[in-house]
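Hydrogens, waters and symmetry mates play no part in the numbers below; they use all other heavy atoms, side chains included. Keep in mind that this is a model prediction, so the values were computed, not measured. Below, read A as the first sequence line, B as the second, and so on, with proteins coming before strands; counting in each chain starts at 1.
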2 protein chains.
Amino acid sequence: MPKRASNDTPPAPGRVTVRSIAERAGVSIGAVSSVLNNHHEKRRIAADTVRRVRAAVAELGYLPNISARRLRGGNDAQNTIVLAIITSFQAPLPVINCFILALREAAAEEANNPRRASFSLVIEMFNAGKLHELPGLLTGAHFNAAIITNTTADDDRFLQDHVLPYPVVLVNRTVQDYPSVIEDPEAGAKAATILMQTDRRKLGVLYGQPLTQTTQRRVESFLRAARAAGLPPAGEIVAGGLNEEAAREAMAQFLARGTPLDGLYTVTDGLALGAYQAIKRAGKTIPGDIAVVGIGDYEISPFFDPPLSSVGVSHSELAHAAARMLLRRIGQPKRGSVRLTVPVVEHLRESTTSIG
Amino acid sequence: MPKRASNDTPPAPGRVTVRSIAERAGVSIGAVSSVLNNHHEKRRIAADTVRRVRAAVAELGYLPNISARRLRGGNDAQNTIVLAIITSFQAPLPVINCFILALREAAAEEANNPRRASFSLVIEMFNAGKLHELPGLLTGAHFNAAIITNTTADDDRFLQDHVLPYPVVLVNRTVQDYPSVIEDPEAGAKAATILMQTDRRKLGVLYGQPLTQTTQRRVESFLRAARAAGLPPAGEIVAGGLNEEAAREAMAQFLARGTPLDGLYTVTDGLALGAYQAIKRAGKTIPGDIAVVGIGDYEISPFFDPPLSSVGVSHSELAHAAARMLLRRIGQPKRGSVRLTVPVVEHLRESTTSIG
DNA sequence: GGCCTACATTGAAACGTTTTAGCAACTACC
DNA sequence: GGTAGTTGCTAAAACGTTTCAATGTAGGCC
């Protein structure tokens with residue numbers, strides 16, 4: 001038997017704890033804790049002991065267990081509600097900082113309440129379609145409440161088949177029995193209206209693969225509205241991705257084909273930006289030849305050239321609505337599944353000026 | 001004595017716990033736990049008891065203590081390292097999702113290591129200048145390691161005066177004894193060089209208030225380089241804020257004054273976008289009349305019209321460097337304070353094409 | 001030698017959970 | 001009427017900390 005595995009290292013399984021340090025340094029765990037928290041002077045720990053403990057800490061590579069600390073800690077630390085934002089690695093990230101801000105702000109307001117509680121915000125990410133692999137999702141061991149967004153159809157199915165033991169709000173997804181906040185599904189129809197009001201009749205819609213629930217709704221309601229108005233079927237321009245470059249390519253190819261087009265709707269502002277470049281390089285003008293309507297998900301769309309008209313909902317408004325809804329549901333008896341629709345606002349800018 | 005404060009509610013202080021539910025429902029805490037975790041069938045809890053427990057939970061508004069759950073939980077939950085991203089409420093948010101992604105990705109790689117540990121990512125926010133009020137900052141009760149960014153001078157002073165009991169990496173800030181990742185301070189000088197190479201001699205720099213350590217360095221090294229090249233003093237154009245609109249206004253006023261200008265450097269891409277609009281509305285062309293160089297912090301700057309040249313560092317590269325540095329320092333004996341400079345890359349695009 | 005004080009340390013309790021072993025009461029069977 | 005099995009629950013241990021009261025040791029003073 002190797003002498004290393006002698007009596008003082010019984011299981012030596014996983015993590016280095018206060019106990020391992022205490023054994024290594026030959027002191028009690030109380031003393032170790034005092035040193036770790038720099039209370040050694042107040043608690044009158046001998047200088048030499050402090051040195052030995054510090055040495056053991058360094059050798060063993062100690063990392064405190066945060067859960068244990070918080071559990072033990074004062075009322076402040078203990079009375080903590082953990083909120084989670086759950087999103088996929090593959091999602092367009094810019095969205096989630098809206099949620100961070102919204103939740104943090106909502107939590108800050110809430111913190112003034114009589115029953116004082118502090119909030120902790122964690123970000124969990126999963127691989128698209130693998131939501132079910134997220135640790136703590138089913139047990140509720142990791143958070144008290146969550147905002148879930150950017151799920152795929154597989155993930156939605158998983159959610160439908162399971163009931164999560166804590167309040168959840170979905171964003172831009174609807175799944176039976178889950179409360180959710182979604183943008184007005186008629187955004188696409190409003191875009192069609194705007195284009196038709198400036199006498200555009202040869203419409204097109206530009207979207208990227210893969211379609212999410214939201215972008216699909218945007219496309220469908222646009223096509224439906226155009227059809228209902230008796231226009232010829234709108235062209236569908238499909239980009240290979242969701243980024244500007246893919247949009248530029250798809251748009252360039254479409255224009256090269258010579259299909260007539262005088263009104264374009266793009267289901268994200270990023271796509272609009274790519275389309276702008278393709279349109280200008282093809283020698284056409286906006287809005288002279290082609291009017292363009294985006295979605296308003298880039299805050300800077302008023303600074304496009306020309307400024308981009310948009311129908312849509314701001315990320316931050318969605319996020320604030322979701323945050324408020326989530327906080328309201330915490331600790332409440334389970335109210336039914338709410339579905340909140342955030343209305344679409346129109347911003348008419350130069351990209352849809354009338355031809356005349 | 002009011003009968004309400006009888007023997008079965010000793011302190012009734014703060015949070016509702018398993019114990020309060022047990023008392024209310026007249027069962028043991030073990031039974032309550034079984035019901036809470038839906039193990040009541042396996043554990044053979046009577047249907048009526050389940051009902052009573054559920055009722056008590058609903059009435060009292062129970063919220064589980066996550067720390068306690070994780071502490072108790074299996075090795076998976078227990079062997080968790082908590083990483084924090086600490087930023088101010090007032091900061092430009094888009095930056096931090098780079099950090100989120102970087103840390104999550106770095107953590108995912110790390111998770112394949114022999115000594116398996118899982119990572120949890122929390123976002124902490126403070127009011128600019130009030131970093132010291134952040135709970136857990138000094139005690140280390142909330143996280144095992146942190147990336148700190150967007151601090152003010154006050155915050156930096158606070159950091160300097162205290163030693164945090166866990167690994168920390170600062171981003172685009174330097175404070176004595178703290179490891180940090182910063183962008184190459186010569187970014188401004190490179191911008192000046194680019195402008196001079198296209199024969200621009202009447203230079204200007206556009207920046208917004210308030211200046212951070214980083215933006216200040218960008219301005220200073222630009223001014224220094226222009227002076228060193230023997231050019232007339234570069235104009236300083238100061239916007240009232242960091243957003244596009246403020247930049248547009250400041251730029252419009254500057255142009256209206258008629259001060260000659262043929263090369264502009266903006267310390268963020270957002271400012272460049274605002275400047276673009278002002279320049280075009282003043283009837284001048286880019287790059288014909290004025291060449292523009294930005295910083296490359298908007299991913300979409302290649303889609304500006306004309307595409308924006310930039311010197312600078314991508315947020316995501318900074319973030320990845322910081323994340324790697326932080327993870328390397330976890331559990332290591334304290335190595336000295338490292339300072340990593342992320343080099344600047346030049347992207348020459350149409351906004352700085354030569355006049356000829 | 002007895003008593004007081006100062007110093008250095010230990011042991012135990014507590015934080016809120018979950019899980020496991022086990023107890024008590026009842027039913028069923030021979 | 002004993003034994004075995006089932007049902008429904010409780011008590012206790014454990015997770016890793018921190019804190020607090022208590023304990024022991026040494027030195028100084030009478």
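- Using a 4.0 Å cut-off, some side-chain N or O of A:H39 falls inside it from OP1 or OP2 of D:dT19.
- Under the salt bridge (Lys or Arg N to Asp or Glu O under 4.0 Å) criterion, no residue pair touches residues 27-37 of chain A, with sequence neighbours excluded.
- In this entry the distance linking CG of A:N37 with P of D:dC20 reads 12 Å, nearest Å.
- Atom CZ in A:R43 sits roughly 16 Å away from atom C1' in D:dT23 (whole-Å rounding).
- Applying the side-chain hydrogen bond (donor to acceptor under 3.5 Å, both in side chains) definition to pairs two or more places apart or across chains, those involving residues 125-140 of chain A are A:Q90-A:N127.
- A:F143 is linked by a ring-ring contact (aromatic ring centres under 6.0 Å, His included) to A:Y166, counting only residues two or more places apart in sequence or in another chain.
- Listed by chain and number, the residues in a ring-ring contact (aromatic ring centres under 6.0 Å, His included) with A:H162 are A:F158 (sequence neighbours excluded).
- Regarding A:L71, its CG atom lies at a distance of 12 Å from the C1' atom of D:dA14, rounded to whole Å.
- Judged as a salt bridge (charged side-chain N to carboxylate O under 4.0 Å, His left out), and not counting sequence neighbours, the contacts of B:R24 are B:E59.
- For the pair A:H40 NE2 and D:dT18 C1', the computed distance is 16 Å after rounding to whole Å.
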Polar-atom pairs under 3.5 Å, protein N or O versus N or O of nucleotides 10-12 of chain D: list them with distances, or write none.
unit_1	atom_1	unit_2	atom_2	d
D:dT10	OP1	B:S28	N	3.3
D:dT10	OP2	B:S28	N	2.7
D:dT10	OP2	B:S28	OG	2.8

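- Among the nucleotides D:dA14, D:dT18, D:dT17, the one closest to any side-chain atom of B:R72 is D:dA14.
- Where the helix from C:dG1-D:dC30 to C:dC30-D:dG1 starts and where it ends, the local axes point in directions that differ by 80°; five pairs per end, rounded to 10°.
- Among the heavy atoms of the strands lying under 4.0 Å from B:S33 is at least one base atom, whether or not backbone atoms are also near.
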Using a 3.5 Å cut-off and no angle test, enumerate the donor-acceptor pairs between side-chain atoms of residues 43-55 of chain A and protein atoms at least two apart in sequence or in another chain.
unit_1	atom_1	unit_2	atom_2	d
A:R43	NH1	A:S34	OG	3.0
A:D48	OD1	A:R51	NE	3.4
A:D48	OD1	A:R51	NH2	2.6
A:D48	OD2	A:R52	NH1	3.1
A:R52	NE	A:A25	O	3.1
A:R52	NH2	A:A25	O	3.3
A:R54	NH2	A:N38	OD1	3.3

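- Among the candidates B:I81, B:N144, B:V82, the single residue satisfying the side-chain contact (heavy atoms from CB on, under 4.5 Å) test with A:P64 is B:N144.
- Here salt bridge (Lys or Arg N to Asp or Glu O under 4.0 Å) pairs that include residues 97-108 of chain A, with residues two or more places apart or in two chains, are A:R104-B:E124.
- Among the protein residues, B:R19 comes within range of no part of the nucleic acid, since none of its heavy atoms lies under 4.0 Å from any strand.
- Applying the salt bridge (charged side-chain N to carboxylate O under 4.0 Å, His left out) rule to B:R324 yields no partners; only residues at least two apart in sequence or on another chain are considered.
- Checking B:S88 against B:N150 by side-chain atom types alone, no donor-acceptor pair falls below 3.5 Å.
- Remark: B:D155 pairs with B:T152 by the side-chain hydrogen bond (donor to acceptor under 3.5 Å, both in side chains) rule, at least two apart or across chains.
- Counting to the nearest Å, the P atom of D:dT18 and the CG atom of A:N38 are 11 Å from each other.
- Contacts between chain B and DNA chain C, taken as any atom within less than 4.0 angstrom of a protein heavy atom, begin and end at C:dG16 to C:dT20.
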